[in-house]
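Read through the structure below, which is laid out as structure tokens, and then see the notes.
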2 protein chains.
Amino acid sequence: MVRRSATGRIGIADVAVKAGVSHATVSRVMNGNFTVDPDIAARVRAAAAELKYQPNPVGRSLALGKTDTIGIVVPDLANPTFQAILRGLSRAAAQDGYRVLIADSFEVSSEEAILAGEARRRCDGLVLCAPRMSDAELEEIAPSLRPLVLINRTTDADDIPSLVVDYGQGVQDIAEHLVELGHTRLAFLSGPPRSASNGLRLQGLEAFKAAHPQVEVRMLEGGSDFDTGHGAVDAVLESGATGILAFNDLVAMGLMSGLHERGLQVPGDISVTGFDDIPFAKYTTPALTTAAVPITELGEQAWHQLRALIRKEDNDAPGSRYQPRLEVRASTGPAKAPRQAVHG
Amino acid sequence: MVRRSATGRIGIADVAVKAGVSHATVSRVMNGNFTVDPDIAARVRAAAAELKYQPNPVGRSLALGKTDTIGIVVPDLANPTFQAILRGLSRAAAQDGYRVLIADSFEVSSEEAILAGEARRRCDGLVLCAPRMSDAELEEIAPSLRPLVLINRTTDADDIPSLVVDYGQGVQDIAEHLVELGHTRLAFLSGPPRSASNGLRLQGLEAFKAAHPQVEVRMLEGGSDFDTGHGAVDAVLESGATGILAFNDLVAMGLMSGLHERGLQVPGDISVTGFDDIPFAKYTTPALTTAAVPITELGEQAWHQLRALIRKEDNDAPGSRYQPRLEVRASTGPAKAPRQAVHG
DNA sequence: GCGATCTGAGAAAACGCTTTCTCGCCGGGC
DNA sequence: GCCCGGCGAGAAAGCGTTTTCTCAGATCGC
């Protein structure tokens, strides 16, 4: 007869009774402690199997002071970039027996700090993606979130690894590519104003402009999704630019779609580039020229960094910098003769 | 001076000491119990604020017997369908103060049962997406996972809600649409052989064939990703079909890409349809005709069903059936005169 | 003014596990 | 034959909360 504890689930006590031993011994057996007599161990295992006993993780967590779970805070689960980070993180962590708790802030950056704190307390460590959070706030909450790994953000604390993508370099590589194709009028369809990675792109473009004074680079307001790109067609045409650097692949795809609707050819009339190299980028028509970011690998690395922190290992490489790789596809081509600006 | 418990984090005991009250009183204050003297409550709150005390969720979970967390088991986080379910689920659950723990089985269905059990024990409930699991195994493990909500699977137990998409009807709607455009030779680029939703599609096509004996419907082997579609071009051309029903949007996009490379026009030469209406479907060129599944809403509903179970509410609508909506875009068009089968 | 009632806070048990502490028992050494 | 060391298992003390139980003190009624 299976005795049931108050909660209705069988616990260590039930196994102990059935095997005629103490709680402690059951625990020892379940944890592979070899100081227990083989006969008794077998009896305990038999009892556990018969009762289908599975240790309660909450009890274990409390006793051990660890949850075997890590958290990840993302601003938007709909964004392929964060999906890819999550995927890489989850896969890598799973291989070490860790689970991932997700905290989606839905772009409400005012909630991010609280959300991060709550997630952290349930986990052994945290990966934070908070592109819109202010530096000041980040600096303030980061210490309390340790062990912590930052994605595309940095902090002064030296035990908080940062995994950053060199967006500045990537955007310069793309611009170079367009210039080599003969484009002299470029436009950057920028991302969300407060986005940290957008700031890096802008810095990169400043460096580019300094190095290429003969090239015109217009800055256009933007965002980070399809609709931004789709809605930016007028602004793009008005700019008179022949080479467009979209904030990311989503924006680029939206833009290409909008241009297509207007009967414009890509890259015949206008060259378009993205950023990130999301899985869909190579399947657009024309296939999108973009800067490939090894984003799943970044998620994986995030876990490795976090694992080192959790295990208190010496981390020889605290944080890393990822270089995007220019991926030339069919959405960029030689520049046409300069067009006149279109009047809306 | 801030006293620190053994773990280095401040606990309820520190607040109690600082406020000069007992643990119990601190707990009462933190949980909004009004049987405590306002003066003392204020003192406790001040102490808590000063120490930045935040209750340890693991301790709470153990005492309360709940974790305010739900789990979701998905076969592949890279699949947009499961990403969308996760997103809807996460958003809905977050509004009720619940978090989501993810368990990615990476298509290793032999691990699914164990994974699901482990996830369940850490959570208050589970959402299970296991399209490849056998009916027998599902039936066996489902009871032990309660509260449980199934996605696109059903079970005999009546307290396990199932949210199923009517793939059979959806595929029939698509086929009807193609027939109306004059196609008489169709081909179904099927999904993974053991996939439950693929089975439903096949059933739907059988019903369709029975109702339209004059239409030829070929079955082609397939899969569920881009590469499947891209690699199926030869088989599709050999079939001589002019209307292709791809298993899902990913396969359809891969196929369109492959056809494009061969210089074939969509829909001029061949009409292609997808399934799911993932966000990218409307941005392909040509935009993809597909059957739209309200998949994010499905994730949201999964939470509502699970919430009812967790709260032990009477659930008036245990499970629901979702009808896909035909979304006619530019990838389907009138049939050409029947082509001869191409010899590879 | 005294007993009954009620309020509010502390003591302690409970949640389910791990782990230290303790102790009985056995074997070996002298 | 006795003592000591070591081994193995039970008792008990945590882990950090919540909640029941208990009881002191205050309030009320008569």
Side-chain angles (χ1 to χ4, degrees), chain A residues 3-45 47-48 51-69 118 120-124, chain B residues 3-45 47-48 51-69 118 120-124:
Chain A
R3 202 183 71 84
R4 285 169 164 273
S5 70
T7 64
R9 292 193 87 82
I10 41 178
I12 203 171
D14 304 281
V15 181
V17 169
K18 179 146 197 131
V21 298
S22 69
H23 317 262
T25 299
V26 176
S27 174
R28 277 188 275 258
V29 172
M30 299 304 291
N31 291 287
N33 187 324
F34 289 113
T35 70
V36 55
D37 184 286
D39 289 354
I40 297 186
R43 217 164 72 218
V44 169
R45 261 187 280 275
L51 296 174
K52 294 197 204 307
Y53 167 69
Q54 303 284 137
N56 177 327
V58 179
R60 285 198 96 223
S61 291
L62 189 60
L64 293 172
K66 67 192 192 109
T67 61
D68 290 348
T69 302
E118 283 185 354
R120 173 61 187 83
R121 257 172 281 122
R122 295 173 183 275
C123 301
D124 299 344
Chain B
R3 203 185 70 85
R4 284 169 163 270
S5 71
T7 63
R9 293 193 87 81
I10 43 178
I12 204 171
D14 304 281
V15 181
V17 169
K18 178 147 200 133
V21 297
S22 69
H23 318 262
T25 300
V26 176
S27 174
R28 280 187 274 257
V29 172
M30 299 303 294
N31 292 286
N33 186 328
F34 290 112
T35 69
V36 56
D37 184 286
D39 288 354
I40 297 185
R43 219 165 68 219
V44 169
R45 261 187 281 273
L51 296 174
K52 295 197 203 306
Y53 167 68
Q54 302 283 139
N56 177 328
V58 180
R60 286 197 95 221
S61 290
L62 189 60
L64 294 172
K66 66 189 193 119
T67 60
D68 290 347
T69 301
E118 282 184 358
R120 173 61 187 85
R121 256 172 282 125
R122 294 174 184 277
C123 300
D124 299 344

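- Counting to the nearest Å, the P atom of dC15(D) and the CZ atom of Arg9(B) are 15 Å from each other.
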Inset, instruction - Just do the side-chain contact (heavy atoms from CB on, under 4.5 Å) check on Ser27(B) and Asn31(B) with the steps written out, would you? - result: CA-CA 6 Å; Ser27(B) 174; Asn31(B) 292 286; 3.4 Å; yes
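- In this model, the phosphate group of dC15(D) is not approached by any side-chain N or O of Asn56(B) to a distance below 4.0 Å at OP1 or OP2.
- Of all non-hydrogen atoms in Thr25(B) and Val44(B), the two that sit nearest each other are CG2-CG2, 4.5 Å.
- Without hydrogens or angle criteria, Arg60(A) side chain to Ala63(A) main chain gives no donor-acceptor distance under 3.5 Å.
- Side-chain nitrogen and oxygen atoms of Thr35(B) include none within less than 4.0 Å of the OP1 or OP2 phosphate oxygen of dG8(C).
- Atom CG in Leu64(A) sits roughly 11 Å away from atom P in dT20(C) (whole-Å rounding).
- The side chain of Ala24(A) approaches dG10(D) more closely than any other nucleotide in the set dA9(C), dG14(D), dG10(D).
- Summarising the geometry, the separation between OH on Tyr53(B) and C1' on dG16(D) is reported as 7 Å, rounded to the nearest angstrom.
- Heavy-atom distances to DNA chain C give each of Gly59(A) and Arg43(B) a nearest nucleotide, and the one nearer the 5′ end belongs to Arg43(B).
- With dT18(C), dG16(D), dA9(C) as the choices, the nucleotide that has an atom nearest any side-chain atom of Arg28(B) turns out to be dA9(C).
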Legend entry - Check against side-chain contact (heavy atoms from CB on, under 4.5 Å), Phe34(B) and Arg28(B): CA-CA 8 Å; Phe34(B) 290 112; Arg28(B) 280 187 274 257; over 6 Å; no
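- Proximity note for Val21(A) (side chain, C-beta onward) versus dA9(D), dC17(C), dG10(D): the nearest is dG10(D).
- What separates NZ of Lys66(B) from P of dT17(D) is a distance of 16 Å, to the nearest Å.
- Within the 4.0 angstrom heavy-atom criterion, only backbone atoms of the sugar-phosphate kind lie near Thr25(A); the bases stay farther away.
- Taking the side chain of Asn31(B) as heavy atoms from C-beta on, and the options dT18(D), dG10(C), dC15(D), the nearest nucleotide is dT18(D).
- When each of dG16(C), dA9(D), dT18(C) is scored by its nearest atom to the side-chain atoms of Leu62(A), the top-ranked nucleotide is dG16(C).
- The nearest pair of heavy atoms linking Thr69(A) to Arg122(A) is CB-O, 4.5 Å.
- If you take CG of Asn33(A) and C1' of dT18(C), they are 11 Å apart, rounded to a whole angstrom.
- Ile40(B) places its CD1 atom 14 Å from the P atom of dG25(D), with the value rounded to the nearest Å.
- Regarding Asp37(A), its CG atom lies at a distance of 14 Å from the C1' atom of dC25(C), rounded to whole Å.
- Across the protein-nucleic acid pair, Gln54(B) atom CD and dG16(D) atom P stand 15 Å apart, rounded to whole Å.
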